[in-house]
Amino acid sequence: MANTRRLPSSPSPSFFGRRSFLSAFAVIFLLFTVFATSSRDDSNSHTGSEELVSDISGQETHLMRRLTSVTSDPLRSKVDSLFKQATEHLSIANTYASYARISKLEMMKEVRIFTEQARAFTELLNKPRYRALLTASKINRNDLNSFYLELTDLIKVSREHMAEARAYFDNQLRAQKLNDTISSVTDQLAKAKKQGSFASLMAAKSIPKSLHCLSTRLMEERISNPSKFVDYGDPPPELEDPELYHYAIFSDNVLAASVVVNSAVANAREPEKHVFHVVTDKMNFWAMKAWFTLRPPNNVTHIEVKTVEDYTFLNSSYVPVLKQLKSADLLKFYFENQMENATKDARNMKFRNPKYLSMLNHLRFYLAQMYPNLHRILFLDDDIVVQKDLTALWEIDMDGKVNAAVETCFGSFHRYSQYMNFSHPLVKERFDPKACAWAYGMNLFDLDAWRKEKCTEEYHYWQTQNENRLLWKLGTLPPGLMTFYKTTKPLDKSWHVLGLGYNPNISHEKIKSAAVIHYNGNMKPWLDLGMKKYKKYWTKYIDSDMELIRACNIIMKRKQ
């Protein structure tokens, strides 16, 4: 007896617990009954194991009744417990096998595993030496130990397989697995959105081949025929006549600037009274000059084309941003084109565009000095289209305000708090975080009020304070909001509809009723990534009769 292996305490009678097992078994049994009714042929091929369970259960009941009359053995409770565990695991294995049969093809592996387990438990229970333990008056301890060891190994393997199979049968585990999958997909989607935004940003920075072709061909035309582009005499007096309607357009995009001018002239009641001041950079000056020389709209509109360098007062000693643009850190920030770096500040990623290094983007703060003889001027971005006569703007009573613009706030969106750092004491002290923001792109400026309020000096102050980008991150809208704070007159929203460069949900009715539509955002109409549903409003005003337009393969779908 000293060498006999001591039996450990009995393992848990059921892997799932009696209560959870009975509930699960009842549901699974019901499903299996329904399935068996509709698929009799299939069920007939798998009744062997169930009949065996019934037979074994009947024999067990008969034997237990006989044993009540036999003198109790101290190991009898152990035998009963082990047979009970074996019978329960046999039932569970058969139940899993039956449920797996009605599952999809991928569940056939579980069918085979649990069927094999049921067969192993059946073979174990049917071994004569072990069945003899149920009726023996004196239990053989060696047979009992052997039965215990074999049963323990089978139960261990069965439990391992059941734990693996729970992923197929346990709804909570399924739900958790689904949540994990959703979380993973969400992370992938967020990463893809960042990559898409970066790709969109890179596309927005690029110059399409067709536009590069147009500029190059215009330069070739000027070089080949210099006599066509000679300026004779002094500039016409209309360029400084305050009684006319003056526009300021700052752009390095010949085609875009031409659409702005063409659309404004096409919808003007008296086009001869409209004067356009186009300012570009040195690289695009002669191409821009050649275009408006060759294709002046209506042949009566006054167009002035200049470069930034023509305004000699715009130098680094006077303009703070020119001094700041020489910063190596700032240049690195704008030209850091690696995706993982460029998308770190996702909220302001749209501003990480070298266009903000161009002085063309900052000229809007010097209109009063650039046009000293004018009283009012309408500033237009080069990504807008004019759809109605705009002369009524010059008749608006500005109430002493400097800037007339359409406000963009709704609810808590587009408030001052979204554009500047209100944790900075200077910002917190001077501005209301709930103040409504307004849009650049179509702005009527009262230049007399501008000079009176010293707006350029105000802009210089804030630009100097923001040398380390502590007041706002990027762009020209935040300093504009600060410079014209409490000096901006709200316009009716129908004057200026925004979002055609990023918002696909603007209604056709809203666009048609707008005086000016604005393709603000990365999806410019001259880019391939521009939204097709909005392109027709822009391509309508491209000069399709121009030979160079066709030669450079600039595709248009003009509205009939």
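Computation of the quantities below employed the complete heavy-atom set of this structure, encompassing side-chain atoms and omitting hydrogens, waters and symmetry-equivalent molecules. In this text, all values refer to a predicted model and were calculated from it rather than measured experimentally.
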For this output row, return yes or no: ring centroids of [X] and [Y] closer than 6.0 angstrom.
{"X": "Tyr318", "Y": "His460", "result": "yes"}
{"X": "Trp472", "Y": "Tyr419", "result": "no"}
{"X": "Phe276", "Y": "Tyr245", "result": "no"}
{"X": "His277", "Y": "Tyr371", "result": "yes"}

Side chains of [X] and [Y]: closer than 4.5 Å at any heavy-atom pair?
{"X": "Val275", "Y": "Tyr247", "result": "no"}
{"X": "Ile511", "Y": "Gln387", "result": "yes"}
{"X": "Leu444", "Y": "Trp394", "result": "yes"}
{"X": "Ile517", "Y": "Ile384", "result": "no"}
{"X": "Phe313", "Y": "Val319", "result": "no"}
{"X": "Asp397", "Y": "Lys489", "result": "no"}

Any side-chain to backbone donor/acceptor pair from [X] onto [Y]? Under 3.5 Å, distance only.
{"X": "Lys388", "Y": "Ala264", "value": "no"}
{"X": "Asn225", "Y": "Lys228", "value": "no"}
{"X": "Ser224", "Y": "Glu221", "value": "no"}
{"X": "His246", "Y": "Asp241", "value": "yes"}

In terms of side-chain heavy atoms, does [X] have a donor or acceptor partner in [Y] at a distance below 3.5 Å?
{"X": "Arg550", "Y": "Asn553", "result": "no"}
{"X": "Tyr461", "Y": "Asn466", "result": "no"}
{"X": "Asp446", "Y": "His375", "result": "no"}
{"X": "Tyr537", "Y": "His508", "result": "yes"}
{"X": "Ser263", "Y": "Trp538", "result": "no"}

* Asked: Any idea which heavy atoms bring Ser215 and Val254 closest together, and the distance?
  -> OG-CG2, 4.1 Å
* Structure fact -> Between Arg295 and Asp545 the two heavy atoms that sit nearest each other are NH2-CB, 3.9 Å
* Structure fact -> Sorted by chain and number, sequence neighbours left out, ring-ring contact (aromatic ring centres under 6.0 Å, His included) with Tyr485 holds for Tyr416, Phe431
* Is Lys306 close enough and on-axis enough to Tyr311, meaning under 6.0 Å and within 45°, for cation-pi? -> yes
* Asked: Can you say whether the rings of Tyr459 and Phe365 are parallel (under 30°), tilted (30 to 60°) or perpendicular (over 60°)?
  -> parallel
Atom [atom1] in [X], atom [atom2] in [Y]: separation rounded to 0.5 Å?
{"X": "Asn520", "Y": "His496", "atom1": "CG", "atom2": "NE2", "result": "6.5 Å"}
{"X": "Phe422", "Y": "Arg430", "atom1": "CZ", "atom2": "CZ", "result": "11.5 Å"}
{"X": "Arg217", "Y": "His212", "atom1": "CZ", "atom2": "NE2", "result": "12.0 Å"}

Show the atom names and distances, to 0.1 Å, of all donor-acceptor pairs under 3.5 Å that link a side chain in residues 498-507 to residues at least two apart or in another chain.
unit_1	atom_1	unit_2	atom_2	d
Asn503	OD1	Asn505	N	3.0
Ser507	OG	Lys510	N	3.1

* To do: Could you go through the side-chain contact (heavy atoms from CB on, under 4.5 Å) check for Thr186 and Leu189 one step at a time?
  => CA-CA 5 Å; Thr186 300; Leu189 178 61; 5.5 Å; no
* Which pairs pass disulfide (SG to SG under 2.5 Å) with one or both residues in residues 429-481, sequence neighbours excluded? -> Cys409-Cys436
